[in-house]
Chemist: 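Here it is, the structure, as structure tokens.
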There are 4 protein chains.
Amino acid sequence: MCSVVGIYGNENASKLAYYALFAMQHRGQEAAGISSSDGEHIKTVKDRGLVTQIFKEDHFKILKGNMAIGHTRYSTAGDDSILDAQPVFARYGLGEISIVHNGNLVNAKEIRDELIKIGAIFQTNMDTENLIHLIAKNYEKKRLKDRIIDAVKKIKGAFSLVILSRSKMFVIRDPFGFRPLSLGKLKSGGYIVASETCAFELVGAEFVRDVKPGEMIIFENDEIKSEMIFEPTPKQCIFEYIYFARPDSNVFGKNVYSVRKQMGRELARELPVEADMVVPVPDSGVAAALGYAQESGIPFEMAIMRNHYVGRTFIEPTQEIRDLKVKMKLSPIKHKIEGKRLVVIDDSIVRGTTSKRIVRMLKEAGAKEVHMRIASPATIGPCYYGVDTPTKEELIASRLSTEEIAKYIEADSLAYLSIDSIVKAIKDKKDNYCFACFDDNYPIL
Amino acid sequence: MCSVVGIYGNENASKLAYYALFAMQHRGQEAAGISSSDGEHIKTVKDRGLVTQIFKEDHFKILKGNMAIGHTRYSTAGDDSILDAQPVFARYGLGEISIVHNGNLVNAKEIRDELIKIGAIFQTNMDTENLIHLIAKNYEKKRLKDRIIDAVKKIKGAFSLVILSRSKMFVIRDPFGFRPLSLGKLKSGGYIVASETCAFELVGAEFVRDVKPGEMIIFENDEIKSEMIFEPTPKQCIFEYIYFARPDSNVFGKNVYSVRKQMGRELARELPVEADMVVPVPDSGVAAALGYAQESGIPFEMAIMRNHYVGRTFIEPTQEIRDLKVKMKLSPIKHKIEGKRLVVIDDSIVRGTTSKRIVRMLKEAGAKEVHMRIASPATIGPCYYGVDTPTKEELIASRLSTEEIAKYIEADSLAYLSIDSIVKAIKDKKDNYCFACFDDNYPIL
Amino acid sequence: MCSVVGIYGNENASKLAYYALFAMQHRGQEAAGISSSDGEHIKTVKDRGLVTQIFKEDHFKILKGNMAIGHTRYSTAGDDSILDAQPVFARYGLGEISIVHNGNLVNAKEIRDELIKIGAIFQTNMDTENLIHLIAKNYEKKRLKDRIIDAVKKIKGAFSLVILSRSKMFVIRDPFGFRPLSLGKLKSGGYIVASETCAFELVGAEFVRDVKPGEMIIFENDEIKSEMIFEPTPKQCIFEYIYFARPDSNVFGKNVYSVRKQMGRELARELPVEADMVVPVPDSGVAAALGYAQESGIPFEMAIMRNHYVGRTFIEPTQEIRDLKVKMKLSPIKHKIEGKRLVVIDDSIVRGTTSKRIVRMLKEAGAKEVHMRIASPATIGPCYYGVDTPTKEELIASRLSTEEIAKYIEADSLAYLSIDSIVKAIKDKKDNYCFACFDDNYPIL
Amino acid sequence: MCSVVGIYGNENASKLAYYALFAMQHRGQEAAGISSSDGEHIKTVKDRGLVTQIFKEDHFKILKGNMAIGHTRYSTAGDDSILDAQPVFARYGLGEISIVHNGNLVNAKEIRDELIKIGAIFQTNMDTENLIHLIAKNYEKKRLKDRIIDAVKKIKGAFSLVILSRSKMFVIRDPFGFRPLSLGKLKSGGYIVASETCAFELVGAEFVRDVKPGEMIIFENDEIKSEMIFEPTPKQCIFEYIYFARPDSNVFGKNVYSVRKQMGRELARELPVEADMVVPVPDSGVAAALGYAQESGIPFEMAIMRNHYVGRTFIEPTQEIRDLKVKMKLSPIKHKIEGKRLVVIDDSIVRGTTSKRIVRMLKEAGAKEVHMRIASPATIGPCYYGVDTPTKEELIASRLSTEEIAKYIEADSLAYLSIDSIVKAIKDKKDNYCFACFDDNYPIL
Ligand SMILES: Nc1ncnc2c1ncn2[C@@H]1O[C@H](COP(=O)(O)OP(=O)(O)O)[C@@H](O)[C@H]1O
Ligand SMILES: Nc1ncnc2c1ncn2[C@@H]1O[C@H](COP(=O)(O)OP(=O)(O)O)[C@@H](O)[C@H]1O
Ligand SMILES: Nc1ncnc2c1ncn2[C@@H]1O[C@H](COP(=O)(O)OP(=O)(O)O)[C@@H](O)[C@H]1O
Ligand SMILES: Nc1ncnc2c1ncn2[C@@H]1O[C@H](COP(=O)(O)OP(=O)(O)O)[C@@H](O)[C@H]1O
Ligand code: SF4
Ligand code: SF4
Ligand code: SF4
Ligand code: SF4
Ligand SMILES: [Mg+2]
Ligand SMILES: [Mg+2]
Ligand SMILES: [Mg+2]
Ligand SMILES: [Mg+2]
């Protein structure tokens, strides 16, 4: 996934970017970075690790200036990437530039190949590098703004971008608006744009509005200008609601927690089951489970706990300790579960292995019946727009029927929420959203 | 607080102790340690830090043998203690010994002074050292068991102890049974004793029974013997239910989550309020809030989120970022809260500063009214039995009336659960429990 | 400074590169990295820190293949560079490429500006990036070899290069041969090229010959081919003999230790002084001091020690601890020094502050006279060919006469070795060497 | 080995202790610690690691007061010890006490057993604990001084002790004076005692005199009093001269470097050999080699280099890299060595494996002949007085004759310095020194 942030017009720009990234850490734990400009030079600090691990007080003496952009990076497969981190900075024809990107380009390889053909070099695996090249190559155009527009017109896919020059900041959201991006006003002066509004709370910002699909916002001379540079054709990622965004964020104009709860209600209506209690898989299943419980009248119980100390252990378990990874993260409240029929709510099933382990754990804890209710449709395809789903083959629902999956995960029953019910829950036109990983209907390829 | 564990009769004793300590990490994050015996020697590894940070695979080559004991240590004030960690190991007249202790002795100073008078030295601030001295000094007695009994008869206060010799393991709970201690049977062979039953789940153990107040259990020659060495006068710590223990543990014979939920129900009965939603302060307030909601019929909402990445940042906040520490841990779901009247449920109020910040945060998020309902009585005194409460002066309820506290924390109303209601919730004799920090009725001083 | 290494035709290529870099750690302690190719892909691991800190056993599972190149990086001023490390890897028109570079280009800015004008982007401050661009842009040429030749013909300055493609390795030394570069044969199979021959010892290689100024060596299909791509005009860096190279290395055809000793002899002849003992400033002054002592007949004494635990301390010294940094590194043997007249030999004087502190330390230790003899001429200008000397203004000899410097550093006398004497010591034509930082006669600008 | 330091009467006591320990780091790299007293309480910070790694600026806020003691600990075998570090602190009958100890007690076990019999407990493996017990048990005596005297009269062996109470500091050296201990006066006020005088230089202290064998010095009320508490029977460790102490230290009244050089001279007289150059094994062989060269007239050459970056690597070497450990530390200057007959000087031979590797390395580098000359007699027995020599069986000279060892290490000849020559070199009565590990004549057992 990843998250991006941009701060304009605040003397503590890089510190505010830091706190915003901390708030968006759930969107990427592998690497993080910040670039800032003091009007003369852009400086960058980035590294692997969590936001709180990377930055030290001293870094903020380097990261001077009243403009800053930042990024948290989601871990993706491939050793190639161990050095990749954003922002990507470069010196080029118009001076200095630094870019952060949340999303994924579907024509990255084509662009890369074409650029390579005319002599470009690529030092990373990040799409962001394509963009800088496109901007840099366009040397006939003398204004950065024009170059950016030309560049983003060449790329296809999902992009929520923040671009920093020495004196300006540009914010662009692709015409589909796959990834969220919101604009806020800082109480201490200046503006913030961020992938999720949860970043606004910590830094003291008021939500202004979402950046529109297809919009470019330019921050320059203490002013803010907007321009529609694409015809908007919204296909906002439904999976942001289902899983990715933080419940306290407002995404695509709606609050994530409320949408999830509503999806839980629809789940109860569409897929009722007789049971003694509704139990969420925390934390992703909590809001939907609350909705399910309220709608069905079946009592809600936090009968599975999420460990506060989730984290890596390098101690090899003994033979006897089965399903260690899940058990170190989730613990059933046996006393509540024993002899009970449970409706267990989770956000989605990917490979099925975790669900299988959860069901097994609940059965071992004495559950009489375990009915899995998933607050999303069966995931049948990968995402090409910035979510790191596994390949089609690894997705259990691409190979097995719901019944077969139920059997595989050893649940007494299993049901997925339909796309229609999701549409009801979001109270918006279906067309405005991407459901591709669920319905194979990819907006752009 | 702290936690203790003992494993007997399993070839992976130290690894099982490790996983048990991981499960009990919430009882102490400052330091941890394990001692094991292979019949000939006792080895110890201990350090400051979290369980997963301290131990490396190599340590388990040192920690050989089929008996092990372990400890996690709660951070207490005073720089003196920066080197303190348990187990405390010693060579003495009968060979080698290692001890872990959860609790606090009220006559530690007297014993220490007396021992010092006759020439003892104390290298740490830990009560455990007293005990080893008492055992060691008693050189007329030739059996360790007799020495242990003599020793524990001299100490007063709260003690859940596990004592390891080269070939035996002793488990003792004080006659008041202040701290929990349970016995389990390992599926892979042997026994486990642990402060909380949540440790059993991870290592694959069946709950057998609680160690009784006043009981000593001896593990020797692959056998297990019990002896009542004190007349039991149970005064089990009510605060284990209120805050300390993990919801999935069964403590003093009852499940913590269920007790908390029941306390929430009583809270609703005793202290009703008109409101739009019941909101827990996560995680400590969740179970009680669920009970409150079910009893009152007011909808339950997880409208405050607990950040997954709670942890230390060393970046100094800018002037504008108020209440940073609370905001980095807790985030309000503004959209849910705006214009609403909230009943906010937390487990307890200590100094009042956190509650004040939470109320302020909720008001800033748009809450119309904030009614604090606390699932415990007002904390008016310190604990002398192993819980690290601040001094009487620092406890806000020792200085201010409930009304004054309400004003201080800027809540529209504030109410505490009565002791009577708690007694109802636990469905047991009041007399079996310590309520001293709430009613000033200290069982032993 | 920096060092480079290339390994060709050995199944342990990356490990051998690792050990070679360890041997050349003195040429750069800021960062290090290795790229290897298994014929299909080039992988890179690089980071800030010492060679032994950066690499873990696991990295060598990534760094597969029987070709590898490596680099250690010298710390240079400027925060800009905190992320810079070599090798620089890129994907480009002919596939994948990775380059390491020891030296400095004098026309880097011009090339950069020109490349930028036609749309190139620069993500680092390293000259290496220029090169990759030049190679990549040259898309009309279909052979990498031709592209490399075209590229290196455009750059001016000092370059000892090792270039890795997926299936070949290219080694180039600039026509001046500023920086050393030698070829060796690995006893376990294959070849090594390295900045200094000290790397050969550790990995088990036989010295074959120096790479010639202006030469390109191509490793391909298990063969090794040589081609003179420049007319050689040798201007080998005299400072490698004076200070930089390790005494056990053979550089420009001569052993460094022996040359240094010979310079010491010349120093004694040219600048005799009456004294009781010859004392080197360790380690850089040791070999010259030995020569001085042998020639002058004045006894040699290691009367200043170099601390084994040199390293950073972050504890602020008390007011009383003067000249802490020098004293933590060097300690006088008071007993030897008291009342004695010393000839102190060091390799060079840059800013003068260290020399001042050393003289003061020796006087405090009781030295009667301190005569500084420097085994090089006065450093009057910066180096543009890869040695990180300070600016002209900071060089004390650019501002002050020898007499004034003597006074500044509080020495009883001070004298520098003349260029002529150096030429005598190296027993070679003066013309073959660069003396620019001493005589302002820059071979190329 | 270990080192101790004590600072009295200086407001920066703990910082000065820190720098003194840094200077004595060569006497122990495993662990280090400092205790300080502000008159009311003693605080201690200690940990495993190097002095510069353990201490952070913040620690010196804890380590307040104008008295401090410190220790560096040598690594000894046995996992038992992984938690051991000094100072050892304790609360006891007279208040608080902290002790550091350099040396080894020969009756530690007896004392321990006796103490244990009367009920003492031992939490570490350190002799220091014995001492605190002896002091604490002696509760009839009311003055600490008397207790200390009684205690040290019970212990036998080597002890250079610094004892800190809340208001006094005691310094004691055993009657044999096995380990060095010197008194200095701080220029910034107050006193220092330290194992080696090299510590004085860094902290700005004047050497006053050695603490005498059998002497106790008491620092109290800003005064300093001395008392002979033992009849002195000096048996000072000859190995301090041979290997352990730093060349710039004055030990037992003589400068280490000068003594070593003199031993080198004797070596040349006693064991001449025809050769082309004298080469030290750095750093331990340097001073003796200088003496050997001056006496014999054979030129001295630093033809083996000691790597600056000695340190641990965790990368497994390839099969081809033989003798890696020695080669990562020492490098031959091939060019100097080829075809030459070398006299190689080292301080001592313990197991013989390192010498074997060095000879092999020199032969591989082309040496025609390698004649080992050892500046000490053959080591035939272990040390019981604080030097960590291996067991008798592991000592090669306890099993093989000099000729056999020569063969084993593949040297062309091998010879050891005789005890008589050492006595000549130190220009003192043989009787004042311990030679036990060389002549089996143990002063006390
Ligand atoms: N994994 C868990 N899930 C839910 N609750 C937990 C978990 N571990 C401990 N607890 C409970 O959480 C509470 C402490 O968490 P919390 O309220 O978030 O922190 P704080 O200690 O700052 O109040 C305790 O009541 C404890 O019983
Ligand atoms: N602080 C938080 N509190 C509650 N939910 C959160 C928080 N941060 C992120 N989330 C949500 O938690 C979910 C991920 O957490 P969880 O289910 O525990 O882990 P996993 O990613 O392993 O499924 C996402 O749905 C995300 O929206
Ligand atoms: N800074 C120093 N410079 C020179 N010699 C030193 C220094 N510090 C300690 N020594 C001496 O170095 C010797 C130990 O170094 P060395 O021989 O290199 O290592 P090893 O302990 O492996 O033999 C000892 O004789 C000691 O007296
Ligand atoms: N292992 C070594 N032994 C001796 N000299 C070395 C070694 N490694 C590098 N050198 C030489 O040491 C010198 C640098 O060491 P030194 O003078 O101690 O440090 P500085 O760089 O602070 O002057 C250089 O001249 C280099 O050739
Ligand atoms: S494919 Fe799925 S995850 Fe990707 S953007 Fe569309 S809905 Fe979101
Ligand atoms: S005083 Fe309070 S915290 Fe302590 S044991 Fe009693 S009830 Fe528990
Ligand atoms: S200027 Fe000096 S340092 Fe640079 S290459 Fe020439 S001689 Fe060497
Ligand atoms: S036995 Fe050897 S090392 Fe030990 S004190 Fe005597 S001379 Fe020193
Ligand atoms: Mg989840
Ligand atoms: Mg809480
Ligand atoms: Mg030097
Ligand atoms: Mg040595």
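Below, chain A is the first sequence line, B the second, and so on; all start at residue 1.
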Chemist: Rounded to the nearest 0.5 Å, how far does CD of Glu201(C) lie from CD of Glu364(D)?
Modeler: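 One finds 8.0 Å between CD of Glu364(D) and CD of Glu201(C).
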
Chemist: How long is the straight-line distance from OG of Ser258(D) back to CD of Glu301(C), given to the nearest 0.5 Å?
Modeler: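 OG of Ser258(D) is found 7.5 Å from CD of Glu301(C).
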
Chemist: Is Gln294(D) close to chain C through its backbone or its side chain, or both, or neither, when contacts mean heavy atoms under 4.5 Å?
Modeler: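 Only the side chain of Gln294(D) comes within 4.5 Å of chain C.
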
Chemist: If I measure from the heavy atoms of chain C, does Lys254(D) come under 4.5 Å with its side chain, its backbone, both, or neither?
Modeler: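 Contact with chain C: none, neither part.
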
Chemist: Could you go through Tyr309(D) and Val51(C), starting from their C-alpha distance and side-chain angles, then the distance that decides it, and tell me whether this counts as side-chain contact (heavy atoms from CB on, under 4.5 Å)?
Modeler: CA-CA 10 Å; Tyr309(D) 304 93; Val51(C) 173; over 6 Å; no

Chemist: As an exercise, state the distance from OG of Ser249(C) to NE2 of His335(D), rounded to the nearest 0.5 Å.
Modeler: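 With rounding to 0.5 Å, OG (Ser249(C)) is 12.5 Å from NE2 (His335(D)).
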
Chemist: Among residues 278-291 of chain C, which ones touch chain D with a heavy-atom distance under 4.5 Å?
Modeler: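 Expected list: Asp283(C), Val286(C), Leu290(C).
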
Chemist: Any chance you could measure Asn255(C), atom CG, to Lys334(D), atom NZ, to the nearest 0.5 Å?
Modeler: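 Answer for the CG-NZ pair, Asn255(C) versus Lys334(D), is 11.5 Å.
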
Chemist: Which distance, rounded to the nearest 0.5 Å, do you find between the NZ of Lys327(D) and the CZ of Phe22(C)?
Modeler: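 Here the rounded value is 13.5 Å.
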
Chemist: Is it the side chain or the backbone of Phe60(D) that comes within 4.5 Å of chain C heavy atoms, both, or neither?
Modeler: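 Side chain only.
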
Chemist: If you define the side chain from C-beta out and look only at heavy atoms, does anything of His26(C) sit under 4.5 Å from His308(D)?
Modeler: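 No, side chains not in contact.
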
Chemist: For the NZ atom of Lys261(D) and the CD1 atom of Ile333(C), what is their distance to the nearest 0.5 Å?
Modeler: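 So the NZ of Lys261(D) and the CD1 of Ile333(C) are separated by 10.0 Å.
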
Chemist: Which heavy atom in Met302(C) sits nearest to a heavy atom in Met302(D), and how many Å separate them?
Modeler: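 Looks like CE-CE, 4.5 Å.
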
Chemist: Checking Gln29(D) against chain C: side chain, backbone, both or neither under 4.5 Å from a heavy atom?
Modeler: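 For Gln29(D), the contact with chain C is made by the side chain alone.
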
Chemist: With a 6.0 Å cut-off (strictly less than), is the heavy-atom count around NZ of Lys64(D), excluding the residue itself, greater than 12?
Modeler: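 Count not over threshold, so no.
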
Chemist: Which heavy-atom pair separates Ser331(C) from Asp248(D) by the least distance, and what is that distance?
Modeler: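 That would be CB-OD2, 3.2 Å.
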
